[in-house]
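Single-structure report; data block below.
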Amino acid sequence: MSVSREFTTSLWMDFDVLSAAPRLANDETAGTVIVGSGIAGFSTAYELAKRGQDVVVLDRGPIGKGMTSRTTAHLSPICDDTFSALIRIRGEEAARVYHESHAAAVDRIEAIQNAEAIACDFSRLDGVLFPALGAEPSVLDPELDAARKLKVPVKDTKGLPFEGLSKTRCLRYPQQATFHPLKYLRGLASTIQSGGGRLYAHTTVETVAEDGDDVVVTTAEGKRVRAMSAVIATNSPINDRVAIHTKQAPYRTYAMAFTLPKGALYDALYWDTLDPYHYVRIHPGIGGSDHLIVGGADHKSGEADDAGARYDALEGWIPALVPSLKAETHRWSGQTLDTIDYSGFIGLNPGDKRVYIATGDSGQGITNGALAGLILSDLILKGENKWASLYDPSRKTPSAVANFISENVTAAKNFAEYLAPGELKSVDELKPGQGAIVREGLQKVAAYRDDTGALHKRSAKCTHLGCHVHWNSLERCWDCPCHGSQFAPDGTALNGPAVAPLAEIK
Ligand code: FES
């Protein structure tokens, strides 16, 4: 019996990007085959198609319904891990290039939606960093110093439009932006198709192999696409077994949307200095209302299953700042892949000549994805790009060794869980809607009882590198804490790097 994932729904997830995309039913050839139809895959396909390349895009699910549909859509060139930390790890010149390239990504999105007449609610606005409640105003000093060193436009000012914070110090960064991510993807899809590109949904790629001067990707149904280059833009790369996955780690973030009377809050991207930080954004609604999005409460994927408490914390924080807030309309979560040196991996997959990857969004998935389009199209068509070395997936960053060790402890600890008892003594204790790990003899079983009372059992061993999966009761799926794979209750792989389903229990 097949059990679909019972995901929460983001503010834009119901928007249809391209429901008519077929499965890949025949072998194809292309200039470039792209795996993944989110912002990184579509931005790359768009740039290549506009420059005359023949592209094929494949996605294992519906078009545009992966992590891009779960973003909160901030378009910001300000480093998510802070510029002071980026300078410490990679130096001033790298941080300057980071800002320049991410600002170019925002500019590129603005230019594309203008050129292609994509109605995607794009707007420019300020970004505002403010001290976490109770923190001293001086907590902003390192970011002000870093911005000045890098010549990032910033204003050191006072006054937030939040209740009780009208005299609070904040840093105001101009020229940030926001948009509706799926309306933008739909516009890209239409342009890619007009240029002859083919888009295939519900097509799972199992292998990616270089073959002489070509690359061949093969699907679970045995269909093949032969191309001169391949781009793997699957959030976490499905083609790379180890190298990249030791240099990035999956984190889960939580978001909620509320109705807000139009004009009740000055429109900007707000975030505070807490770790993990809170963020607040506004998305235009219809009639007299907008949506206020609030998020934060992040944790490493699979290392906590307490979404209720995290939403309670967000709900306890935002109404005091924005008393005019009305009813909650949505709550959802998404996954980011944070790299050990705070910038994405965009370029040739380590060891390959024709296979490229885009991953490691580090909390900036939209700008990282648009940037992937700029960098990868240059690398594929010209063999060079001026920002490529900063994002080179093969780079080594000796100053990030402490982050490397702390992120890889997860995998080391995880394997010890195979020796531990199950969370329940028996599957008989499972209530409808509940999932838990149960020991049956020598094996650990990922067991789930659906709302009708039917029981679904799969091996608890992740099919990427064998880590022990954990139940995610909010999204009703199995999360792997090691590198971010997710599996539906019936074992189907939903998010990379895993491709194969959790094994059946005999
Ligand atoms: Fe790598 Fe599970 S995602 S072991």
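In listed order, ligands and their atoms are each counted from 1. Values reported hereafter were calculated over all heavy atoms of this structure, with side chains retained and with hydrogens, waters and symmetry mates removed.
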Exercise. Looking only at protein heavy atoms, which one is nearest to atom 4 (S) of ligand 1, and how far off is it?
Worked result: L465 N, 3.2 Å
Problem set entry | Centroid-centroid under 6.0 Å between H180 and F15 rings | yes
Problem set entry | Ring centre gap for H283 and W12 strictly below 6.0 Å | yes
Problem set entry | Atoms in ligand 1 with a heavy atom of C467 nearer than 4.0 Å | 4 (S)
For this session: Run the numbers for me: atoms of ligand 1, each under 4.0 Å from some heavy atom of G466, listed by number.
Result: 4 (S)
Exercise. Would R198 and D54 pass as an ion pair if we require N to O under 4.0 Å?
Worked result: yes
Problem set entry | ligand 1 contact by A498, heavy-atom criterion under 4.0 angstrom | no
Seminar exercise, completed: Contact region, S485 to ligand 1, non-hydrogen atoms below 4.0 Å, reads both
For this session: Check whether any N, O or S atom of C462, backbone or side chain, sits closer than 2.8 Å to atom 2 (Fe) of ligand 1.
Result: yes
Exercise. Do any N/O/S atoms of C480 come under 2.8 Å of atom 2 (Fe) of ligand 1?
Worked result: yes
Problem set entry | Polar side-chain atom of T9 near backbone of M13 as donor-acceptor pair, under 3.5 Å | no
Problem set entry | D272 side-chain N/O to H278 backbone N/O, donor-acceptor pair under 3.5 Å | yes
Exercise. Any chance the SGs on C482 and C467 are under 2.5 Å from each other?
Worked result: yes
Exercise. What's the ND1-atom 1 (Fe) of ligand 1-ND1 angle here (H483, H464), rounded to 10 degrees?
Worked result: 100°
